[in-house]
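Just so we're clear, the structure is a prediction, and the values are computed from it rather than from any experiment. Values below: every heavy atom of this structure, side chains too, minus hydrogens, waters and symmetry copies. Numbers here simply count residues along the sequence, with the first being 1.
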Amino acid sequence: MKATKKLLCFFLTCILTCSAGFVLNCQETEAASTVWAPNNVRCGVGLRYSGSASISLVSKSDSIKNLKVYQGKKKTKNLFVRMTYKSKSDSSPYAQLTFYAKKAGNYKIKFDVYKSAKSKRCSRTINVHAKGYGTIISAVSINGKKVTSDYSNYSSYYAGAGSAKVKFSLADGCKIKKIRVSRYDQNGQAKKVSFKNGSKVTFGKYGFSSDTDYSWQKGMWSTTTFEITYKNKYAQNVDNNESTIYYNIYTKASKWY
């Protein structure tokens with residue numbers, strides 16, 4: 001009797017395993033037959049601050065047609081979009097759209113995907129958020145003063161003081177998860193500590209130096225690096241919406257390693 005029960009359990013397990021595999025294969029087949037496009041993307045304002053979006057296609061013979069741009073319910077020319085690349089891979093075909101905004105605002109890119117000249121596969125819409133330089137960091141304040149007055153200051157800043165209150169603001173759809181700040185010590189080792197956004201921080205003092213048979217060097221600057229981990233609800237990869245960006249503040253070195 002026990003042997004019969006064990007045998008019955010074995011067959012039931014096999015059936016459930018095969019069923020699970022069948023469902024999984026169906027899901028994979030279904031996923032492979034669907035055109036994917038991001039719901040939200042970003043760009044800046046102006047030609048040099050363009051953005052892009054990748055669209056996963058079902059077949060390399062798929063084509064994108066009827067590209068249209070809307071602001072609200074009306075068509076607009078304030079966002080220019082063009083298909084700039086198409087992969088002809090059999091296993092993972094995709095297309096890339098490149099766009100730039102003439103004015104800040106929220107736009108919608110609408111297009112159709114055709115599997116043949118006259119057979120439409122589906123339609124998709126991508127929301128474009130155009131603002132500033134299209135950077136993740138939207139503003140940096142030092143002692144309450146906004147220092148992001150030009151593009152270069154969105155990645156680094158040269159400070160005159162040895163310490164200051166530093167606060168970062170991120171683009172819409174992004175939320176800071178944690179910040180760490182690192183400075184070099186006398187041994188040239190980067191020491192990282194947690195940092196509360198908006199609090200006071202002492203900037204690094206040590207700059208790089210070297211003296212060899214071929215050259216002598218004594219750097220002007222000491223680097224303080226902020227490591228900002230954030231979540232991006234507009235991420236094109238929805239399964240991995242956590243990223244890290246870095247911001248450097250340079251101060252005049254007073255010691256060297």
Side-chain angles (χ1 to χ4, degrees), residues 35-56 64 67-87 94-111 124-142 145-159 166-180 195 197-198 225-250:
V35 172
W36 181 89
N39 291 322
N40 296 276
V41 292
R42 289 189 179 86
C43 72
V45 178
L47 279 72
R48 66 181 297 182
Y49 307 115
S50 62
S52 63
S54 294
I55 296 95
S56 297
I64 291 179
L67 270 169
K68 298 176 182 178
V69 179
Y70 293 83
Q71 191 167 24
K73 295 182 179 180
K74 295 182 178 180
K75 289 183 180 180
T76 181
K77 294 183 179 179
N78 288 331
L79 184 83
F80 180 82
V81 59
R82 174 180 290 165
M83 189 178 84
T84 53
Y85 183 82
K86 183 182 176 183
S87 167
Y94 72 93
Q96 181 170 295
L97 302 181
T98 301
F99 45 86
Y100 70 87
K102 298 177 182 178
K103 295 182 179 180
N106 295 320
Y107 303 91
K108 291 182 184 293
I109 297 174
K110 296 187 176 184
F111 59 92
R124 290 290 183 265
T125 299
I126 300 174
N127 297 289
V128 181
H129 307 270
K131 186 178 181 181
Y133 301 109
T135 54
I136 295 298
I137 295 176
S138 62
V140 180
S141 297
I142 295 182
K145 181 182 178 181
K146 185 178 177 181
V147 298
T148 42
S149 57
D150 60 61
Y151 183 71
S152 63
N153 289 338
Y154 280 83
S155 60
S156 63
Y157 183 74
Y158 289 81
V166 180
K167 186 176 182 180
F168 298 95
S169 300
L170 302 189
D172 294 341
C174 293
K175 184 178 181 180
I176 294 174
K177 186 177 180 181
K178 65 179 179 180
I179 303 176
R180 295 197 298 174
F195 173 75
N197 195 26
T225 301
F226 294 83
E227 181 184 279
I228 306 167
T229 302
Y230 65 97
K231 285 194 171 183
N232 180 9
K233 73 177 185 179
Y234 296 161
Q236 294 195 31
N237 185 352
V238 294
D239 295 325
N240 183 20
N241 66 350
E242 188 173 299
S243 302
T244 300
I245 52 174
Y246 298 88
Y247 192 88
N248 292 319
I249 291 183
Y250 299 102

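- Expressed to the nearest 0.5 Å, how far CG of L97 lies from CD1 of I126 amounts to 5.5 Å.
- Between F99 and Y107, a ring centre-to-centre spacing not shorter than 6.0 Å is recorded.
- Considering all non-hydrogen atoms of both residues, S52 and V41 come closest at O-CG1, 4.2 Å.
- With hydrogens and angles disregarded, no donor-acceptor distance shorter than 3.5 Å links the side chain of S156 to the backbone of N153.
- To the nearest 0.5 angstrom, L47 atom CG is 4.5 Å from Y100 atom OH.
- The NZ atom of K86 sits 8.0 Å away from atom CD1 of I64, with the distance rounded to the nearest 0.5 Å.
- Y247 has its ring centre no less than 6.0 Å from the ring centre of Y157.
- Looking at every heavy atom in both residues, Y70 comes nearest to K73 through CD2-O, 3.7 Å.
- Here OG of S155 is found 8.0 Å from CD1 of I137. Values are rounded to the nearest 0.5 Å.
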> Is there a side-chain contact (heavy atoms from CB on, under 4.5 Å) between C43 and Y49 once you walk through the steps?
Replying inline: CA-CA 6 Å; C43 72; Y49 307 115; over 6 Å; no

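- Taking the side-chain contact (heavy atoms from CB on, under 4.5 Å) definition, one finds that N127 meets it with N40, K108, H129, sequence neighbours left out.
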> Hey, mind stepping through Y85 and Y94 against side-chain contact (heavy atoms from CB on, under 4.5 Å) and telling me if it holds?
Replying inline: CA-CA 8 Å; Y85 183 82; Y94 72 93; 3.4 Å; yes

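- N248 and T225 share a donor-acceptor pair across their side chains, judged by distance under 3.5 Å alone.
- The side-chain heavy atoms of Y230 and K177, taken from C-beta on, include no pair separated by under 4.5 Å.
- In terms of heavy-atom proximity, A171 sits nearest to R42 at CB-NE, 3.6 Å.
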>> side-chain contact (heavy atoms from CB on, under 4.5 Å) for V128 and V81? Distances and angles first, verdict last.
In response: CA-CA 11 Å; V128 181; V81 59; over 6 Å; no

> Does the side-chain contact (heavy atoms from CB on, under 4.5 Å) test come out yes or no for R124 and I55, once each step is laid out?
Replying inline: CA-CA 10 Å; R124 290 290 183 265; I55 296 95; 5.8 Å; no

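- Using the six-membered ring where Trp is involved, Y154 and Y133 have ring planes that are perpendicular, over 60° apart on the 30 and 60° scheme.
- G44 approaches A130 most closely through the heavy-atom pair O-CB, 4.1 Å.
- Summarising the geometry, atom OG1 belonging to T98 is positioned 10.5 Å from atom CE belonging to M83; distances are rounded to the nearest 0.5 Å.
- The line from OG1 of T125 to NZ of K110 is 5.0 Å long, rounded to the nearest 0.5 Å.
- For N241 (side chain) and K231 (main-chain N/O), no donor-acceptor pair under 3.5 Å exists by modelled atom type.
- Considering all non-hydrogen atoms of both residues, A159 and I249 come closest at CB-CG2, 3.9 Å.
- Contact between N197 and K167 at its shortest, heavy atoms only, is OD1-CA, 3.3 Å.
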